[in-house]
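Below is one structure, written out as structure tokens; the observations come after it.
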Amino acid sequence: MTTLLNRETRVVIQGITGHQGTVHARQMREFGTPVVAGVTPGKGGSTVEGVPVYDAVRDAVQATGANAACIFVPAPFAKDALLEAVDAGIPLAVVVTEHIPFHDMLVMYHYARAHGTRIIGPNCPGIASPGYAKVGIIPNVVFRPGRIGVVSRSGTLTYEIVNGIKEHGLGQSTCFGLGGDPVVGTSFVDALPLFEADPDTDLVVLVGEIGGTAEEEAAEYIQHHFTKPVVAYIAGRSAPPGKRMGHAGAIITRGRGTAESKLAALERAGARVARFPYEIPDLVAEIAARGARR
Amino acid sequence: MTTLLNRETRVVIQGITGHQGTVHARQMREFGTPVVAGVTPGKGGSTVEGVPVYDAVRDAVQATGANAACIFVPAPFAKDALLEAVDAGIPLAVVVTEHIPFHDMLVMYHYARAHGTRIIGPNCPGIASPGYAKVGIIPNVVFRPGRIGVVSRSGTLTYEIVNGIKEHGLGQSTCFGLGGDPVVGTSFVDALPLFEADPDTDLVVLVGEIGGTAEEEAAEYIQHHFTKPVVAYIAGRSAPPGKRMGHAGAIITRGRGTAESKLAALERAGARVARFPYEIPDLVAEIAARGARR
Amino acid sequence: MVKLAEWQGKEVFRKYGIPLPRGAVARSAEEAEALVRDGAVPLPCVVKAQVLAGGRGKGGAVRFASTAAEARDAAAAILALEFKGEKVKEVLLEEKLALAHELYLAITLDRSARLPVLITSARGGVEIESVADTEIDRQHVDPFPGLTAFEKRRAARSLGLTGGPAKALDQVLTGLWRAFMAEDAELVEINPLAVVGDGLVALDAKVIIEDDAAFRHPEYAEIRDDRTPLEEIAREKEIAFVQLDGNIGVIANGAGLTMATLDVLKEFGGDPGVFLDLGGTDDPNKVTEAFLLMAQAKPKAVFLNIFGGVTRCDTVAKGLVAALTQVPAAERFPLVARIRGNNEKEGIEILRAAGITSTPNLRESAQAAVAAARGAGA
Amino acid sequence: MVKLAEWQGKEVFRKYGIPLPRGAVARSAEEAEALVRDGAVPLPCVVKAQVLAGGRGKGGAVRFASTAAEARDAAAAILALEFKGEKVKEVLLEEKLALAHELYLAITLDRSARLPVLITSARGGVEIESVADTEIDRQHVDPFPGLTAFEKRRAARSLGLTGGPAKALDQVLTGLWRAFMAEDAELVEINPLAVVGDGLVALDAKVIIEDDAAFRHPEYAEIRDDRTPLEEIAREKEIAFVQLDGNIGVIANGAGLTMATLDVLKEFGGDPGVFLDLGGTDDPNKVTEAFLLMAQAKPKAVFLNIFGGVTRCDTVAKGLVAALTQVPAAERFPLVARIRGNNEKEGIEILRAAGITSTPNLRESAQAAVAAARGAGA
């Protein structure tokens, strides 16, 4: 998906001097991503993993031409970090930080939107295009270049599924981990048009969860606007109503957002539905084979 | 300028039951503008000059398909009126109201911009395309269809100049009265690209004033991006520094925004500069004649 | 999710100028009687159980009193209740108002629109879920510029209010909006909002504060959700922990993977009883604590399903091995482990050294966990 | 434009938590002395004229005192001053602080960007106009989301602040931003902002409130701009009125047309003395009042140049004719009228009936007005 990640992608890591920032700076580099700068206010002038650290995103952008931000700063300061990235003109910001109040995220989302910055996250594993770049924390080991797109609200479940695709001998074009918070910068219906337009993607695996109505909206979009095959899986089919499974987003209320409603909508939209994560690679392979025969 | 005013223009007048609202509803109609609705909260269900009045802009839009708003409501309520127009999806809003605090206008401008509404004004005479429609208060008598574009920060001075063009036997394509407040929805550099793209405009008359730097920015734009001839006039050449001439915008501070700086910039940009309003029609006619010979 | 009791929600409302009935909270029948005798609560009054569950009216958790003695008796009766599993510890006594009409008003988040939504209905006093969609008005409210006058006018029209009550609504809405924003609320709800004379009064209050905003709101730190004691301990240790009725303990990392694990266990006839989501951690001690917590829930078997990312496989393996040495023999349980992802090899090696085998396949390991729980239960 | 005196600006700053020197205002030498003796003003102190013009230090309008008697003498000397045409009515007495460094801080509007702009410079204590552009930092601040932490950090860096003063700056900036927004300010300026020990203190305050926001700020109603008495009357009647040094009165409608009229008069050797902008009105009485106000300014001639829009020609003609009957013969002045636009015919007819001819041509009528002023002056 060269509209988001491409040969020109240059990553600045906000909060690079923190433990996660440092660890993932290394892992992003190992993936082949040019990590050109870090930002930690007050630590400007130092280096982390050989990456120069700046006091401000604007400084980092001016010095290094960074054009994608990966945000690891703690929740109370994450809003400010994102606004700073937007203000510095960065078009893509992956917010890994979890536990950001949704009231903060409302401000972040609308400010970013008005100023042309795409947010992925918060509380998300980020985005990766094998062979190009990774902005986020998805383990490098699960990837292999290929033509399967993956878009998911989950974290580790995404890794599980992407890994399953790899172990089945297939590869991924781009993988989006959107995050499952109440307010996300990029939702299924924001990501799907990018896959539709992406010449490197033949098929999309959509991984949803109970709670919210993002999957129902995705189904609506797929039905009317999406032409590529979709394999869908919804986690939490057997979760009891009203109990929280860890995500603020994973609450079942008022009969909306149930696994049944999501699965029915996706099937109506023509998606192939996997009942368990391990069924996904088989379905994907089946469709890919059919496409190849055609 | 059919991008703003065209055969589909349908005007809703906010504050139609006030004196100015009523008077100008009639005059806009006399100009040939379809005035399809009025809005005054609490007066829904009545009519003014035969125009149905609604309680809310959204109701007016749903009932009549209104797609341009003309706002006459008093300054303390003007912000709300504009936000309501934006919220109802109206793409063009002329704010006639004067004395709107610029702090309110900051909110109005950025909200409108984020939601795709163009504001003209506040404290402005509005916009008119003879033969199509008028949204605002420029006297009908000064117009005559033609190929001269006019864009001005002034009110009555615009009428004077537009009238002068008419009396010289020429006519106007579109006339913008932008208003001279500190924060305006549409400035010279916003209006000029519309004239550049407008096949009905051959030449533009730009009427500026001392104060601010809008004319200097216009000159910059003209120099680099504008291909049509420009005749410019700047009012206030002999105004004493530091004295207010009635517009909050007409303050000369720190040597910026003087008539000299504006005139020099416009001449550098290749505009023909008129020293007095009555010189404009002659200059326009001269350029028009040259264009005809070419 | 911090759910405030009615009286706590009303304290929030008071701060933002939302009109309330006169009243006070009592924790005993005697206190209730004294509040009435002292004039803190005018007569006649209503006595309401301060519980989080709805449907109090039908459940005998709301009573009326015309004398101080009646107030005492009503409070005594309600304080003796266990309402939908919740022991009643407090009652709210309030003046009983002569109301003309009951309305519904709420602000919450619309996730799809990424905007707060103002919900109004002229059919208040009943559960909003039971009101037809056509009788509910929804308006998105943009934080910039905030709740506007035209939105308030539309709310008044949707509620059928004019004159005095419409003016009162302006103040109520301003207060409700400010409360929603400034208190980092997930929900602020008034049901019913009563038309009383020329004004409005909030007869009930439902306020839910977002957990993630706790760092801005130390004032809510003491207010607890309806968690079990083990869930409470887990919360303090920042481990996501949910107790259900089954007998298989599930330890996974990430909500999605945890739910998917549950789905697979159910498929093979398993009955998960505790979910424990390690989240993202690279501290083996936290893993150890999580295991010890799981042991306290006394599962018949435990299924560990980890996909290493931020939480690396070797971290989990270390924490698990340390925990197993601390669990008394009597409390041990069969363990099925599956660890994949970052540092998978190192993790598997650590487990193997402690005599534990990790199965890579999710289907097979889930089947093994179900079998282990059955074996232990037989 | 409501320009607040230093002490009034500091009252605003106090409201928003911006640290200030201890001090008080005196309106007499005795009061100044008493303030020091009572301890309201610590010694040594500075005594400053409360005038709107700048350059007080060089102009003898700022003095220092080490004793109460010196404070009295300083106040007496300053209160006797007429500073740049303004009589000194008040002095501000403040403790004299041991400052390490003087900084500049302001928030005002950037019209082109349609955003507030935060201006900082480490070179405070002098007029900001005299500081090189390279030593001034400018940051736009978006009202949504408001002043952010990263903007404050950049401000601190531009001012060279770290540690205690950087922390203090956070509070000062928060206060200054809130003041700018909540008070509807055109300008909030601290020059100098002094580094005193580990903190910051606003030694001066310049606050300008926007006139158009007066409806939200009745508290500023009493604070007047530097208007002449006639300008003041005009303001009350909502007529834009500016007095200059010339002898031709100009009555026009709209700022642009008024300025253009001035330009034309100057071109023909005229010397305009009063501008009167009728603005938009359809009330003949307002026009009459404007004319009578003009008469009080005693022009040698008056040029009426109206292009009728909202203000219709017949309205102006009616008001003018009514006014002329009320001006005493001794105060009459030659009048040149030019009325065009809406209801032009009706207006011209009304004037003709009163013996006044309207000339349609701007050049010719301006020439006539200049000639009339010369004739009258000869």
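Each chain gets a letter, A, B and so on, in the order the sequences are listed, and its residues count up from 1.
A salt bridge does not link A:Arg153 with A:Asp181: none of the charged nitrogens is closer than 4.0 Å to a carboxylate oxygen. The existence of a salt bridge linking A:Glu167 and C:Arg340 is confirmed by a sub-4.0 Å separation between a basic side-chain nitrogen and an acidic carboxylate oxygen. Ion pair C:Arg338/A:Glu160 flagged as a salt bridge, since at least one NZ, NE, NH1 or NH2 atom sits closer than 4.0 Å to an Asp/Glu carboxylate oxygen.
Side chains of C:Glu183 and C:Val188 form no contact here, defined as non-hydrogen atoms less than 4.5 Å apart. The shortest distance between side-chain heavy atoms of C:Tyr104 and C:Arg123 does not fall below 4.5 Å. Looking only at side-chain heavy atoms (C-beta outward), A:Ser154 and A:Glu209 come within less than 4.5 Å of each other. At a threshold of 4.5 Å between non-hydrogen side-chain atoms, the residues A:Met105 and A:Ile119 count as touching. Residues C:Leu187 and C:Lys206 form a side-chain contact, since some pair of their non-hydrogen atoms from C-beta on lies under 4.5 Å apart.
Most heavy-atom pairs under 4.5 Å with chain A, from the set C:Ala252, C:Gly308, C:Ala260: that is C:Ala260. When C:Asp282, C:Leu109, C:Leu362 are compared by the number of non-hydrogen pairs under 4.5 Å with chain A, C:Leu109 comes out ahead. Looking only at heavy-atom pairs under 4.5 Å with chain C, the residue among A:Val23, A:Thr158, A:Thr156 that has the most is A:Thr156. Note: A:Asn163 leads A:Asn140, A:Ile137, A:Asn163, A:Val207 in heavy-atom pairs under 4.5 Å with chain C. Among the candidates A:Ile138, A:Leu157, A:Ile100, the residue making the largest number of heavy-atom pairs closer than 4.5 Å to chain C is A:Leu157. Heavy-atom pairs under 4.5 Å with chain A were tallied for C:Leu115, C:Asn361, C:Asp184; the largest tally goes to C:Asp184.
For chain C, the nearby parts of A:Tyr159 are the backbone and the side chain; heavy atoms of each come within less than 4.5 Å. Contact annotation for C:Phe144: neither backbone nor side-chain heavy atoms come within less than 4.5 Å of a heavy atom of chain A. Residue C:Asp110: no heavy atom, backbone or side chain, is found under 4.5 Å from chain A. With a 4.5 Å cut-off on non-hydrogen atoms, A:Val184 touches chain C through its backbone and its side chain both. Of the atoms belonging to C:Arg312, not a single heavy atom falls under 4.5 Å from chain A. For A:Ile161, no part sits under 4.5 Å from any heavy atom of chain C, backbone or side chain. For chain C, the nearby parts of A:His103 are the backbone and the side chain; heavy atoms of each come within less than 4.5 Å. Using a 4.5 Å cut-off between heavy atoms, A:Ile234 contacts chain C through its backbone alone, with no side-chain atom that close. Of the two parts of C:Leu265, neither the backbone nor the side chain holds a non-hydrogen atom closer than 4.5 Å to a non-hydrogen atom of chain A.
Interface with chain C: from residues 274-283 of chain A, residues A:Arg275, A:Phe276, A:Pro277, A:Tyr278 qualify, criterion being any non-hydrogen pair under 4.5 Å.
Of all heavy-atom pairs spanning C:Glu86 and C:Leu52, the tightest one is OE1-N, 3.1 Å. Across all non-hydrogen atoms, the minimal contact from A:Lys262 to A:Ala214 is NZ-N, 4.4 Å.
Using cut-offs of 30° and 60° for the angle between ring planes, the A:Phe102 and C:Phe180 rings count as tilted.
Looking at C:Thr261 and C:Asn305, their side chains do bring a donor and an acceptor atom within 3.5 Å of each other.
In this structure, OG1 in C:Thr108 is found 7.5 Å from CD1 in C:Ile208, a value given to the nearest 0.5 Å.
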